[in-house]
Amino acid sequence: MTLSWHYIAMALLYIAAGLAHWIYPKIYRGIMPGWVPWKKATVLLSGVLEVLLGILLFFPAWAPYALYGIMAMLLAFLPVHGYMLRHADRFPKIPYALLWVRIPLQGVLMAWAWAYL
């Protein structure tokens, strides 16, 4: 199985994003809505999930599961993006336009994963 550069880029994107959860956990905890319990554990576990899904993309037998997992994860992250958009005043360092762009970007990332199924 030959992996395309864009497939490898997607896998590395999720691995890097997951590692960022461990390297910068305070940033990720700061963007989570108040209703999310166990923020520290949630950030660290979501990082583990992203890294695991990214790695599984390199194993053909597991790749379809990883792709569905990525789409489910992106869907699960949408409430955080919505929260940040609704409470943009709490995130003054992030341009408002970027908060808007993140919502359709989730759809683009889901479509990217879907394209490999």
Side-chain angles (χ1 to χ4, degrees):
M1 173 179 166
T2 303
L3 302 177
S4 65
W5 69 266
H6 38 87
Y7 183 88
I8 294 169
M10 180 177 61
L12 295 176
L13 169 81
Y14 290 107
I15 293 168
L19 291 173
H21 282 69
W22 303 332
I23 297 168
Y24 308 106
K26 188 175 178 182
I27 292 171
Y28 288 92
R29 283 194 312 266
I31 66 171
M32 298 186 83
W35 52 264
V36 174
W38 312 295
K39 287 179 182 32
K40 184 176 183 178
T42 301
V43 167
L44 296 176
L45 287 174
S46 63
V48 168
L49 179 62
E50 282 189 274
V51 169
L52 178 63
L53 292 172
I55 290 170
L56 287 176
L57 290 174
F58 291 111
F59 296 90
W62 288 94
Y65 301 106
L67 291 164
Y68 281 115
I70 285 167
M71 290 184 287
M73 177 186 66
L74 292 168
L75 189 62
F77 289 169
L78 272 174
V80 172
H81 299 305
Y83 166 79
M84 291 181 73
L85 184 59
R86 283 190 311 278
H87 301 286
D89 58 310
R90 297 180 188 175
F91 309 99
K93 293 182 179 180
I94 302 174
Y96 189 66
L98 184 57
L99 294 175
W100 270 105
V101 168
R102 291 174 70 200
I103 306 253
L105 179 61
Q106 296 296 99
V108 170
L109 293 173
M110 285 184 225
W112 191 9
W114 181 264
Y116 297 105
L117 289 172

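In what follows, every heavy atom counts, from backbone to side chain, and hydrogens, waters and symmetry copies are set aside.
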State the [atom1]-[atom2] distance between [X] and [Y], to the nearest 0.5 angstrom.
| X | Y | atom1 | atom2 | answer |
| --- | --- | --- | --- | --- |
| Met73 | Gln106 | CE | CD | 8.5 Å |
| Leu13 | Leu109 | CG | CG | 6.5 Å |
| Asp89 | Met84 | CG | CE | 11.5 Å |
| Leu78 | Leu85 | CG | CG | 11.5 Å |
| Arg86 | His81 | CZ | NE2 | 12.5 Å |
| Leu44 | Lys40 | CG | NZ | 6.5 Å |

Show, in sequence, the C-alpha distance, side-chain angles and deciding distance for Val48 and Trp22, and conclude whether the side chain to side chain contact (heavy atoms under 4.5 Å, CB included) test is met. CA-CA 9 Å; Val48 168; Trp22 303 332; 3.4 Å; yes
Taking all atoms of both residues into account, what is the closest heavy-atom pair of [X] and [Y], and its distance?
| X | Y | result |
| --- | --- | --- |
| Ile70 | Ala113 | CG2-CB, 4.1 Å |
| Leu99 | Ala88 | CD1-CB, 3.6 Å |
| Trp35 | Pro79 | CZ2-CB, 3.9 Å |
| Pro33 | Val80 | CD-CG2, 3.9 Å |
| Trp112 | Ala9 | CH2-C, 4.3 Å |
| Gly54 | Tyr14 | CA-CB, 4.2 Å |

Does [X] share a hydrophobic cluster with [Y], counting links as ILVMFWY side-chain heavy atoms below 4.5 Å and allowing steps through other members?
| X | Y | value |
| --- | --- | --- |
| Leu19 | Phe77 | yes |
| Ile31 | Leu98 | yes |
| Leu75 | Leu117 | yes |
| Val51 | Tyr65 | yes |
| Val43 | Leu45 | no |

Which class fits the ring pair His21 and Tyr28: parallel under 30°, tilted 30 to 60°, perpendicular over 60°? parallel
Please check: side-chain N/O of Glu50 versus main-chain N/O of Ile15, any donor-acceptor pairing under 3.5 Å? no
Has the side chain of Tyr7 got a donor or acceptor atom that lies under 3.5 Å from a matching backbone atom of Leu57? yes
May I have the step-by-step check of side chain to side chain contact (heavy atoms under 4.5 Å, CB included) for Phe58 and Ile8, ending in yes or no? CA-CA 8 Å; Phe58 291 111; Ile8 294 169; 4.1 Å; yes
For Tyr83 and Arg90, test the side chains for any donor-to-acceptor distance below 3.5 angstrom and give the result as yes or no. yes
Any non-hydrogen side-chain atom of Ile55 less than 4.5 Å from a side-chain atom of Trp62? no
Using side-chain heavy atoms (C-beta onward) and a distance below 4.5 Å, is Leu67 in contact with Trp114? no
Tyr96: side-chain hydrogen bond (donor to acceptor under 3.5 Å, both in side chains) partners, not counting sequence neighbours: Trp100
